[in-house]
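Convention: sequence-line order gives letters A, B, ...; per-chain numbering from 1. This one's a predicted model, so the numbers in the text were calculated from it and none came from an experiment.
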Amino acid sequence: MTLRHMLTGAAALALLAPAAHAERGSDGQVNVLYWQAVSIMTPYLSSGTKDLEAASLVLEPLARFGPDGQLVPYLAEDIPTLENGGISEDLTTITWKLKEGILWSDGTPVTADDAVFTWQYCTDPDGGCAQLPNFGDVASVEAVDPQTIKVTFSVPKPYPYGPLVGAQSPLIQKAQFANCLGVAAPTCTEANTKPIGTGPFVVDDFKANDVVVLSANPNFRDPEKPAFANMVLKGGGDAASAARSVLETGEFDYAWNAQVEPEILTAMEAAGKGKVVSAFGTLVERIQVNQTDPDPALGEERSTVKHPHPILTDENVVKALSLAIDRAILIETGYGAAGQMTCNLVPAPEYNASTNNDWCKTRDVDQANKLLDEAGWMMGSDGVREKDGKRLSLLFQSSTNSVRQAAQALIKQDWAQIGVETELRNIDGGVFFGGDPGSPDTFQKFFADVEMYANNFDGTDPEKYLGDWVCSQAPSIENQWQGNNTSRMCNPDYDALHAELGKTAGQDARAKIAIELNDMIVNSPSFIPLVHRGRVSTKSNALGGVIMNPWDSELWNAADWYREKS
Amino acid sequence: MSDAATPLPRAAEPLLRVEGLKMHFPIYKGVLRRRAGAVKAVDDITFSVAEGETLGLVGESGCGKSTAGRAILRLYEPTAGAIVLEGRDIAHLEGDALRTLRPKMQMIFQDPQASLNPRMTVGSIIAEPLDEHTRQSRAARRARVTELMDAVGLNRTFVNRYPHEFSGGQRQRIGIARALALNPKFIVCDEPIAALDVSIQAQVVNLLEDLQQQLGLTYLFISHDLSMVRHLATRVAVMYLGKLVEIAARETLYDRPAHPYTQALISAVPSPNPEIEAKRRRIVLKGDVPSPSNPPPGCAFSTRCPRVFDRCRIETPPLYDLGGGHRAACFLAEPAARAA
Amino acid sequence: MFAYALRRLLFAIPTLLVISFIIFALLDLSPGDPTANLPLTIPAEVREQIRISLGLGEPFHIRYVKWLEQFFVNEPLHLIEQATGWSFGEGQRMRVISWQTRSPVTDLILERLPQTLWVVGLSYLVGILIAIPIGVISAYRQYSWFDQFGTLFSMIGFSAPTFFTGLLFIVIFSVWLGWLPSIYDTNLRVTNAQTLWLQIRQMIMPVMVLALFNAAQLSRFMRASMLDNLGQEYVRTARAKGLRERAVILIHVLRNSLIPVVTVIALGIPTIFGGAIITEQIFRVNGIGQLLITGIQGADIPLVQTLTFMFAVLIVLFNLVADLLYGMLDPRIRYE
């Protein structure tokens, strides 16, 4: 990433912001609805999206990600790069400069000590910090001077924008949290629910899992912002009624996460009171294809790399399965504005997305049948293909969720057309994603042939996410079934290239490798992309300044929100 | 009602006159609950009760005698007929007109347990009619309650007790005290002793007799117990399947019953006189009482009558006057038949 | 009666201990995991650390004893300290802390109680006020048009689930007519006539949805009880006394018919405290019911355990209250 890139990004954002027609607090109250109610205002003790986003109104990081995935400086003066010397040549340190004169909402100045304290707070072994991965490989955070923060990594970090960047790791005030380290962390109810921050709003009243009342931060660095004097963050209910309260009754200005059947949402939007807004991050609904044999006859060794899958290691078979799926119907019925076509594992940001894999976007049953014929799977008398006396029959599992079950049923139909028999199964999400090594039903144990779920990564850099696909990440008895390579793909070339990514700095160079890695996965028999899922929220026509952002909190620019004059 | 219809040759107007009283209960059937017929619980009965006398009303259970008693006291709205109390037809009075009449006529119920509100104390049970119908002071009311309790032989300290704390006989005394509260003239005793132990029965009957003498009460005494009726009543009426089959002075009825049904009933009563008892021949009736919703044609008793003949199954016999106030509804009692 | 109540309360203690153990064991055996709902981006080691920080590293019996201590010793002591300003002993006592919100469970419950009592409690009251006249008139005029209508009403009220009636109400009154708010504002403070009006407006729909449901059940019960008593001999006695019909019905029949209904009402009171999960969700009343359901969804075991146990206490308590009420209302019943 070059400085020029960043400056143009910032300039574009500045243009998007409303002309300075408002003064602080002149637009009254804005009502925001989070149907998953906010539980806590400290992102370090919760990683629920709703909590992170609520906290983003109050707590700010050094830099946030903009809607295009580029970094935007918040508390920092600018974004450190190799070019501007902010990142050391050996890639082990990054040095941030704080903006001048930034105050906490209680009027005290923000200093580098607060950043150091934030790191200590999250890395305390007894604290159970949920954002620990953001501080991975951090050897130390030092206050070089009150305005300068130096983060030192124990290994070279080609992508050093993890600590204190993005909605997951904002700065907290040392003075307020000093007695809340380690085991004391959960007992600091006052600090956890009413943190002192630098953001546009401060918490006036907090009712856990119900409602948060905020008011404009008198010490916010931009004296004209926020335009709203108050914000009410109400919680509870379900997604459909949340969308209704914006689109139909107009009681609320903004409702987060409109996970509603597309046709219902369209009907609500027709009332003309508001709009559906969406943004696409990295979340991809996919089918993971088991490369190992889940046959129960294998006992202990079922679904382990010792036994390759008898059918699904053939890339032509998996390609045929992928070609047979009608993705357009899946999107139309299940996702609407929240879904778009993709054939990638890393679909965004744009500079990281591959453009080489568009073949999956059009359904081609003939080609799929041809591929299966060529692979030796011949149509049997009952419409199911066979090879060497073995039927092409798959067990397809997913978590319990109406959209997923509908998609499973559609895919089963699609596959029946190419002579593939599918048995469907769904497992409660708490169990499926629960990771309990004692349960046979976790997505990691993968005692099935194919499984559907969605996954994404935080921020814009896919290194760690792509790292889930290396051989050593395959779940096994040895690692308590905790690896993330659920497909158990193992390609030494891939592992080598991923290691290369770990040594490469610079956005463009990293993007080139990321795209190559993405293509290797997409063309392997271990992955079938389905839908690129976005965030969908609803906003009232009376609310201006909303820019959906898939890379950071949806409320990332709440300081710029204003009342639309009608 | 017209004088021409008055069949009773009495000089003085009786206290109560019942003329052609009918009490039919409709039966509804089907989805739309259409009226499908009626239970003729009381079907055209006529009699009168003179002041100060006790008319016994007897019959098997289900014959309609209790219904008749309740209809006379206007606890039901009669289907047809006249009920003349002290010269005024009360058969179709309603609302306040009927309510203000209540003090004159009262009822003593069969089941003393069920007929007393379980959540009221004895005092309030007895006092309630006083509250409703008189304007007495509290003290006067309380005095009246204790007076009544004394009159029926209840310990006056029990005034704040609840009905369940009393024995059956005591409860019936409460019921009697309650009925007497407003100085009624006419009391319907609806099987007042049927639910009591035999040892208690006599006490209650004696109490009723004493009260009648002291207060000059007139009773309609409904019972299936013929020996008790013989003891108490001055005249006796016999009902079968909603109809009056015979009515006569006590001695006449017990000595010379005219109707085969009455004969059968009386034959079942043991006599205290060993000579008569030795000669007593019991007439056993066969079969069950027909349903009042579907009575047999002709004489209602024809299905069980030991002396039935063809005419009985076709024609309904009227009440033939046998003289001396003795009347019976049987063709055998027809003057022509007797002459033959 | 007092001795009886005391004896019953003493017997309740072992019962409640067993219940608390069963709840604890069931929650422990259930497959929920407090970290299951975290994004997949959180690595397993971090999940494990979070679990340990929540106390899940300890064996089952230790956790149970700890909960017992927190709930039965620390929480009451805390409440007393809060109320009186005294302090017992030294240092921080561990209170029952919710995993999801990291705040003390009893504080959460106390925070939620007002709206639950207002909305669910009021709906119970309104339900009773609707049900009793309907039940009385239906029974008094059995098979009349009113009775038929009452039967239809209670059948609909009973069989239409609150998530349906609630939604229907919102669509009609909030979306089409725009008369009432569809979202309950728990922060509204009633300070003057205007805020009172706002409070009434926002309570109408949730209260009515629940009240109709409650009334449907209770009115049937009332009707049956009235019919039972209307056929009793003492009613005929009352009429024979020459009482006004109104007095017969209200003083004699209604009072006797209310005895079993009052018992049913008393037994239903714990459900008020339990909130009404669905209705609270629909209208975002965010009371106890919503607290429970978010606790369940988030596998917040201390919260669910404490709430469920408190419901158990209330149920045991109100069973006793119902029994004692019965004894007070019906002179035929005596407890020794």
Report which part of [X] has an atom under 4.5 Å of a heavy atom belonging to chain C: side chain, backbone, both, or neither.
X	result
A:Phe432	neither
A:Cys188	neither
A:Asp205	side chain
A:Lys234	side chain
A:Asp126	backbone
A:Ala242	both

Part of [X] lying under 4.5 Å from any heavy atom of chain A:
X	answer
C:Thr294	side chain
C:Ile183	both
C:Ile170	side chain

Next item on the list: Start with the C-alpha distance between C:Arg284 and A:Ser241, add both sets of side-chain angles, then the distance that settles side-chain hydrogen bond (donor to acceptor under 3.5 Å, both in side chains), and finish with yes or no.
Entry: CA-CA 10 Å; C:Arg284 295 182 169 76; A:Ser241 61; 3.0 Å; yes

Considering non-hydrogen atoms only, spot the tightest contact between [X] and [Y] and give its length.
X	Y	result
C:Asn286	A:Gly235	ND2-O, 2.8 Å
A:Ala37	C:Gln290	CB-NE2, 4.2 Å
C:Leu167	A:Arg244	CD1-NH1, 3.7 Å
C:Asn187	A:Val213	ND2-CG2, 2.8 Å

[atom1]/[X]: more than 12 non-hydrogen atoms of other groups inside 6.0 Å:
X	atom1	result
A:Glu261	CD	no
C:Asn192	CG	yes
C:Phe60	CZ	yes

Notebook entry, point to check: If you count heavy-atom pairs under 4.5 Å between each of A:Val38, A:Asn209, A:Leu33, A:Leu132 and chain C, which one has the most?
Noted result: A:Asn209

Item checked: Closest-packed option against chain C by number of heavy-atom pairs under 4.5 Å, given A:Gly237, A:Gly438, A:Gly136 -> A:Gly237

Notebook entry, point to check: When rounded to the nearest 0.5 angstrom, what distance separates CG in A:Asp210 from OG1 in C:Thr186?
Noted result: 3.5 Å

Notebook entry, point to check: Which distance, rounded to the nearest 0.5 Å, do you find between the CZ of C:Arg112 and the NZ of A:Lys207?
Noted result: 9.5 Å

Distance-only donor-acceptor pairs under 3.5 Å for side chains of residues 171-182 of chain C, two or more places apart:
{"residue": "C:Ser174", "atom": "OG", "partner": "C:Leu180", "partner atom": "O", "Å": "2.7"}
{"residue": "C:Ser182", "atom": "OG", "partner": "A:Glu251", "partner atom": "OE2", "Å": "2.5"}

Notebook entry, point to check: Pick from C:Arg95, C:Gln115, C:Gln281, C:Glu280: which one has the most heavy-atom pairs with chain A under 4.5 Å?
Noted result: C:Gln281

Notebook entry, point to check: Would you say the side chain of C:Arg102 lies within less than 4.5 Å of the side chain of A:Thr189, judging by non-hydrogen atoms?
Noted result: no

